[in-house]
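Taking it in order: structure first as structure tokens, then the write-up.
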Amino acid sequence: MTDQLIQTERVNLLDMDVEQIKSWCAQHGEKPFRAIQLARWMHRFLVDDFDQMTNLAKSFRAKLHDLAYIKAPEPITEKKSSDGTRKWLFDVGNGNAVESVFIPEDDRGTLCISTQAGCAMGCLFCSTGKQGFNRNLATSEIVGQLWYAERELRREAGITDPNDRIISNVVLMGMGEPLQNLDNVIPALRLFLDDNGYGLSRRRVTVSTSGLVNQMDKLAQAAPVALAVSLHAPDDALRDKLMPVNRKHPLEQLMGACRRYLKVAPRDFITFEYLLLGGVNDAPEQARALIRLVRNVPCKFNLIPFNPFPDSGLAKPDRERVLGFAKILNDAGIVTTVRKTRGDDIDAACGQLAGEIKDRTRRAQRLVVQKELARDVLAARDE
Ligand code: SAH
Ligand code: SF4
């Protein structure tokens, strides 16, 4: 009984940013420098065992044992792609699992992190969205993905120096809509940026959103990291069909929010992600309409050819259409790149992260609506 009581009252220190650790320590009679030592052990040395935190007073360690623990989500599976991409499936309890993907490149190592088990936004082209929504991830489950991946990669590479980081960039582009979980995402972002946490610069941490306008303003105030906005259509009629969020926040509002965000953004542009769906949004006139749409928003474009998944009802774009689309934007002076698909052999590409979600929403009904919409979108093209 007592054990159970203590167990339920203990806190997971991975749920706190450095300021929160300081106030927690203060509540328990410990000075701020102790909190900083603790944060550094957790996030720089990636230690989860209080006994290894050798410069902490024994009395403090005893207190920590009684009151707290450090727990990242446990991996269920780990896959390695032939191109070096890695994917972990993490257990987040109750039959739910989320995915993280590590993408090594010559000059950086990027971890793509999930923020929700499932997603409620219902975008037509997304396999996470197709599964419905289960719940928001806790800060410890968001930070824990980086904590675990960095520790694992360092262990494998035999690195012991905490300044020798393998993961240099973090993108919140995994499963879920990060701005629908701001309460837990903001402390996680603060830890990514904190010098006593992961010490990443604001330019190297990117949040991707489907376009939740009010929450973009909140993010600007609380943790203005780099912003990527999923655009995917040049006009409201098409975007309404592809992304239900557009019915609430149409493009004009979204462009306004992007302009406001730019006042605090760590770079002087917004990255627009533009998913290319064969025959739906990849026509040259749609590229020209995009140029008009973004004329007042300094931006770059990242074109993502659709990654198919079973039953999507949608198609990949032709290679020439992709290149033609990119050329039109580039010729108009908008820096445009085409995203390379990495980790294809382990289903680690954008929009393929599925995890295992116990859907709380009405899945069967949603799938029927989704199929009808996909037919609609494709039919509209042929009119
Ligand atoms: N919810 C956020 C972040 C996660 S999705 C967002 O929507 O921005 C990350 C990116 O993957 C988004 O740009 C999303 O539109 C894109 N994406 C979703 N499904 C995809 C698919 N099947 N193929 C390629 N990209 C996809
Ligand atoms: Fe959610 Fe992003 Fe997928 Fe849309 S694209 S359903 S917002 S994860």
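All ligand and atom numbering here is 1-based and tracks the order in the structure.
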- Residues R247, D240: salt bridge by 4.0 Å N-O rule: no
- Ignoring angles and geometry beyond distance, decide whether S127 reaches within less than 3.5 Å of ligand 1 through its nitrogen or oxygen atoms. no
- Note on the structure: Short version for E273: what comes under 4.0 Å of ligand 1, heavy atoms counted, is side chain
- Query: Does G174 reach ligand 1, in the sense of a heavy atom lying below 4.0 Å from it?
  - Reply: yes
- Item | Pair R86 + E78, salt bridge at N-O below 4.0 Å | yes
- Task: Please work out whether any backbone atom (N, CA, C, O) or any side-chain heavy atom from C-beta onward of I304 is under 4.0 Å from ligand 1, and answer side chain, backbone, both or neither.
- Result: side chain
- Does one side chain, of Q37 or R34, offer a donor that lies under 3.5 Å from an acceptor on the other? yes
- Query: Has K316 got its NZ or CZ under 6.0 Å from the middle of the six-membered ring of F306, at an angle within 45 degrees of the ring axis?
  - Reply: no
- Item | H232, portion touching ligand 1 at heavy-atom distance under 4.0 Å | side chain
- With a cut-off of 4.0 Å, which atoms of ligand 2 are near a heavy atom of S210? 7 (S)
- What protein heavy atom sits nearest atom 2 (Fe) of ligand 2, and how far off is it? G176 O, 4.4 Å
- Message: Within ligand 1, which atoms have a heavy atom of T209 less than 4.0 Å away?
- Response: 6 (C), 8 (O)
- Would W41 and N55 count as having a side-chain donor-acceptor pair, cut-off 3.5 Å? yes
- Query: Relative to the heavy atoms of C119, which atoms of ligand 2 are at a distance of less than 4.0 Å?
  - Reply: 1 (Fe), 6 (S), 7 (S), 8 (S)
- Cut-off 3.5 Å, side chains only: do R44 and N163 have a donor facing an acceptor? yes
- Message: Show me which atoms of ligand 2 lie under 4.0 Å from any heavy atom of G129.
- Response: 6 (S)
- Note on the structure: For L275, the atoms of ligand 1 under 4.0 Å from one of its heavy atoms are 23 (N), 24 (C), 25 (N), 26 (C)
- Filtering E177, M173, M243 for the heavy atom nearest atom 9 (C) of ligand 1 leaves M173
- Note on the structure: Contact region, C123 to ligand 2, non-hydrogen atoms below 4.0 Å, reads both
- Under 4.0 Å between heavy atoms, the region of T128 that gets near ligand 1 turns out to be neither
- Query: Taking 4.0 angstrom as the limit, do R154 and D164 come out as a salt bridge?
  - Reply: no
- Determine, considering heavy atoms only, which of S210, G176, S208 sits nearest to atom 1 (N) of ligand 1. G176
- In terms of the angle between their ring planes, are F272 and F301 parallel, tilted or perpendicular, with boundaries placed at 30° and 60°? tilted
- Item | Close approach of C123 to ligand 1, heavy atoms, under 4.0 angstrom | no
- Message: Out of S230, G211, G129, who is nearest to atom 12 (C) of ligand 1 when you count heavy atoms only?
- Response: S230
- Query: When you check the gap from the basic side-chain N to the acidic O, do R190 and D194 get nearer than 4.0 Å?
  - Reply: no
- Query: Hey, is atom 4 (Fe) of ligand 2 within less than 2.8 Å of some N/O/S atom on C126?
  - Reply: no
- Query: With distance as the sole criterion, is a donor-acceptor pair present between the side chains of H232 and Y274 under 3.5 Å?
  - Reply: no
- Taking only residues two or more places apart in sequence, or in another chain, which ones meet K340 in a side chain to side chain contact (heavy atoms under 4.5 Å, CB included)? none
